[in-house]
Trainee: 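One structure coming up, written as structure tokens, with questions to follow.
Scope of the values below: all heavy atoms of this structure, side chains included, with no hydrogens, waters or symmetry mates. The shown structure was predicted, so the numbers you read here are calculated from the model rather than taken from an experiment.
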Amino acid sequence: MSEYTIEQVEPDFLDVRRQEPVTVDAVRRRIAEPDAPVLVDFDHTLFAGNSTELFISSCRPSPVVAVIDFLVRGCLPWRLVPRGRGFRVRDYLCVVLIVVLTPWNVFRWRRSAPALFERHRATEISALFADVDRSRLTIISFGMAFVISGLVRGSEYESAGLLATPLLPRPSWFAGGKTAAAVEGVGAGGVARAVFVSDSLDDADLLGACRSGLLVPPQGERMLARERLYIPMRYTARVKLSPWYALDQFLLVDALVIAIAVSYDLTSLLHFGLIAPLLLLSVMSVYELGYFENDMVAARSEERPVLDPNVSRYREYPIRLQAWIWAAAFAAAGLGAAVLLGELGTDELLRAGIGWAVLLVVLRAVFFLYNRTRTERRMFVYPLLQALKYGAVFVVFVPTVLGVALVMSQIMGMWVVYVVYRLGGSKKALNRDVFGAVAFLIAAGLLGLASVLHGGVVEEDAGRESANRLCFVAALLWSLARVSKAPVTRGVRAGLAQRRRDRVVARPLVEQVG
């Protein structure tokens, strides 16, 4: 179990109903009143952390848990659920799936949770309840009941009441706020007399319903399970690039270029549309390990490292070993798909697997060298990294002549932007898509001219006669789409911005008429 940074803040209470600060002594007097039920939130209040995130991140095996977490909490549009309650369903569904698919984690949690509670106990808040009769104290939380009961097991809070999400809740549990849960636990009269302590205005309904609703600064550092569960491309999307840019670059540039480069007819293009992303994910798992190492090395060695603020949150990211596990899994999936689709013979599988493994090791070595090369010299190692990323598939599959030209044009586009950046220029000043398209057209034109004049330059073997024609048409259409992307995107953004400005101008007129 990895250590978490525990940042506990000096309690500074605010009476929500009266909108005035309350001293710690006044809080103790209110809590001491014998007829007042005492309700306390758990996450970031009594516990200096988030119990759900801690449980998810502690479950094993990490790759399986990471996939569940990614699919349930990372891919589904929970923000569209009204009033923000989709996040409660999201966390519940994620935990239940983990329990169903990896039930041993329930027993692991029961063993490890009490020690975690002592490590993450919010000591200042906990001290307030030291003399409170446990029959008057109730922990109320939207976290999972078995997770919280596991944490407080063996502590002084084991005998306190607990209102939390059961494994089989009623649908109404997710529809109501904490007031409904509190009324069910201590009655409407008890809520009216109660003292409630919470760190979040998400509990505003109960803070306002209680006689004393006290708001305290969140205890402990914000923790997210995804920052301790490795998924390929997560670090790239969250730290190095934006999620949408990473998706666009991966699917609509890198994977598509690689698929076009090795396709020889329309059927093979469809096949490689599946195979190329899998093999590219294998490469990117190791490539991302270089990204991670680059940031960690830069933070220690460079005088003025350019780092995303999120880097510090991923210092314990378990990428060093798991990147290789995922790289091997994606390589096996990609090569297996190639065999099933008839693009690779079973007799070639062993050779392809060994060649792919060697390539991944070489890629890791080159990125290791890159990360330890002086920044002004990195521009000469960078194109080799790009060549290994784009050209990795050539280890297994035969590219077309124009496919090599297409890949080389992309490498040159990436390189020239990087050189501009390293020489102090603006990366945005050079459109990489336009540069790559022009470079490809020039290379294709020169190859075509040489073939016309001398023959045999771009001709393919039997069964692949149309390969270069397909590559040229597909690459040309793709280049036109990429070149038009920037003006289209600017137009859409300008239109949306104008609509927002129109709404802002129209709103006062509507209010005036009303």
Side-chain angles (χ1 to χ4, degrees), residues 60-71 74-75 226 229-241 243 246-263 268-293 317-346 348-368 385-397 399 407 410:
R60 299 294 181 269
S62 294
V64 174
V65 177
V67 170
I68 296 171
D69 174 74
F70 175 71
L71 293 177
C75 295
R226 68 167 181 250
L229 292 172
Y230 176 75
I231 282 283
M233 300 292 289
R234 173 175 279 164
Y235 186 82
T236 301
R238 295 287 177 179
V239 178
K240 304 301 289 187
L241 309 170
L247 185 63
D248 173 72
Q249 180 69 28
F250 176 82
L251 282 181
L252 301 182
V253 178
D254 299 347
L256 197 50
V257 164
I258 291 169
I260 293 173
V262 294
S263 298
S268 68
L269 182 58
L270 294 176
H271 289 171
F272 285 112
L274 173 64
I275 298 167
L278 292 171
L279 293 179
L280 182 59
L281 277 170
S282 176
V283 171
M284 288 305 300
S285 297
V286 177
Y287 203 92
E288 188 174 49
L289 178 53
Y291 273 154
F292 179 81
E293 183 186 58
Y317 199 45
I319 189 174
R320 299 187 186 279
L321 173 61
Q322 292 191 33
W324 290 101
I325 296 174
W326 281 93
F330 280 121
L335 296 177
V339 171
L340 291 175
L341 294 172
E343 299 296 343
L344 186 69
T346 53
E348 302 173 291
L349 189 57
L350 179 60
R351 177 188 60 81
I354 293 174
W356 195 262
V358 171
L359 179 134
L360 294 180
V361 171
V362 171
L363 173 61
R364 180 71 187 97
V366 172
F367 222 137
F368 184 87
L385 281 175
Q386 296 303 311
L388 288 168
K389 179 176 76 170
Y390 282 105
V393 73
F394 298 166
V395 171
V396 181
F397 303 105
V407 165
Q410 290 306 301

Trainee: Shortest non-hydrogen contact from Leu229 to Ala66?
Mentor: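 Leu229 and Ala66 have their closest heavy atoms at CB-CB, 3.9 Å.
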Trainee: Run through Leu363, Leu360, Thr236 and flag the one making a side-chain contact (heavy atoms from CB on, under 4.5 Å) with Tyr287.
Mentor: Leu363
Trainee: Looking at every non-hydrogen atom in both residues, tell me the closest pair between Phe272 and Ser263 and how far apart they are.
Mentor: CD1-OG, 3.8 Å
Trainee: Before you tell me yes or no, could you show the steps for Tyr390 and Leu280 under side-chain contact (heavy atoms from CB on, under 4.5 Å), namely the whole-Å CA-CA distance, both residues' side-chain angles and the distance that decides it to 0.1 Å?
Mentor: CA-CA 8 Å; Tyr390 282 105; Leu280 182 59; over 6 Å; no
Trainee: Minimum heavy-atom separation for Ala352 and Val396, please, with both atom names.
Mentor: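 Heavy atoms only, the tightest pair is CB-CG1, 3.9 Å.
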Trainee: Between Glu288 and Pro232 (side chain of the first, backbone of the second, donor and acceptor by atom type, cut-off under 3.5 Å), is there such a pair?
Mentor: no
Trainee: Show every salt bridge (charged side-chain N to carboxylate O under 4.0 Å, His left out) that has at least one partner inside residues 246-262, sequence neighbours left out.
Mentor: Asp248-Arg482, Asp248-Lys485, Asp254-Lys389
Trainee: Hey, which of Leu359, Ile258, Val407 is the one that makes side-chain contact (heavy atoms from CB on, under 4.5 Å) with Phe394?
Mentor: Val407
Trainee: How far apart are the closest heavy atoms of Phe250 and Leu281, and which atoms are they?
Mentor: CZ-CG, 3.5 Å
Trainee: Pairs in or reaching into residues 349-362: which pass salt bridge (charged side-chain N to carboxylate O under 4.0 Å, His left out), with residues at least two apart or in two chains?
Mentor: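 Sorted result for residues 349-362: Glu348-Arg351.
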Trainee: Who passes ring-ring contact (aromatic ring centres under 6.0 Å, His included) against Phe330, sequence neighbours left out?
Mentor: Trp326
Trainee: State which residues pass salt bridge (charged side-chain N to carboxylate O under 4.0 Å, His left out) with Arg234; sequence neighbours excluded, sorted by chain then number.
Mentor: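 If we apply the salt bridge (charged side-chain N to carboxylate O under 4.0 Å, His left out) test to Arg234, skipping adjacent residues, the hits are Asp69.
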Trainee: At what distance, to the nearest 0.5 angstrom, does CD of Gln249 lie from NZ of Lys240?
Mentor: 14.0 Å
Trainee: Between Ser282 and Ala327, what is the shortest heavy-atom contact and its length?
Mentor: OG-O, 2.7 Å
Trainee: Does any pair with a residue in residues 332-343 pass side-chain hydrogen bond (donor to acceptor under 3.5 Å, both in side chains), and if so which ones, sequence neighbours excluded?
Mentor: Tyr264-Glu343, His271-Glu343
Trainee: Once salt bridge (charged side-chain N to carboxylate O under 4.0 Å, His left out) is applied, what residue pairs with a partner in residues 275-284 remain, sequence neighbours excluded?
Mentor: none
Trainee: For a side-chain contact (heavy atoms from CB on, under 4.5 Å) check, start with the C-alpha distance between Leu388 and Phe367, then their side-chain angles and the critical distance, and finish with the verdict.
Mentor: CA-CA 10 Å; Leu388 288 168; Phe367 222 137; over 6 Å; no
Trainee: Can you name the nearest heavy-atom pair linking Leu274 to Ala337, along with the distance?
Mentor: CD2-CB, 4.5 Å
Trainee: Pair Leu335, Leu279 - check side-chain contact (heavy atoms from CB on, under 4.5 Å), show working.
Mentor: CA-CA 8 Å; Leu335 296 177; Leu279 293 179; 4.3 Å; yes
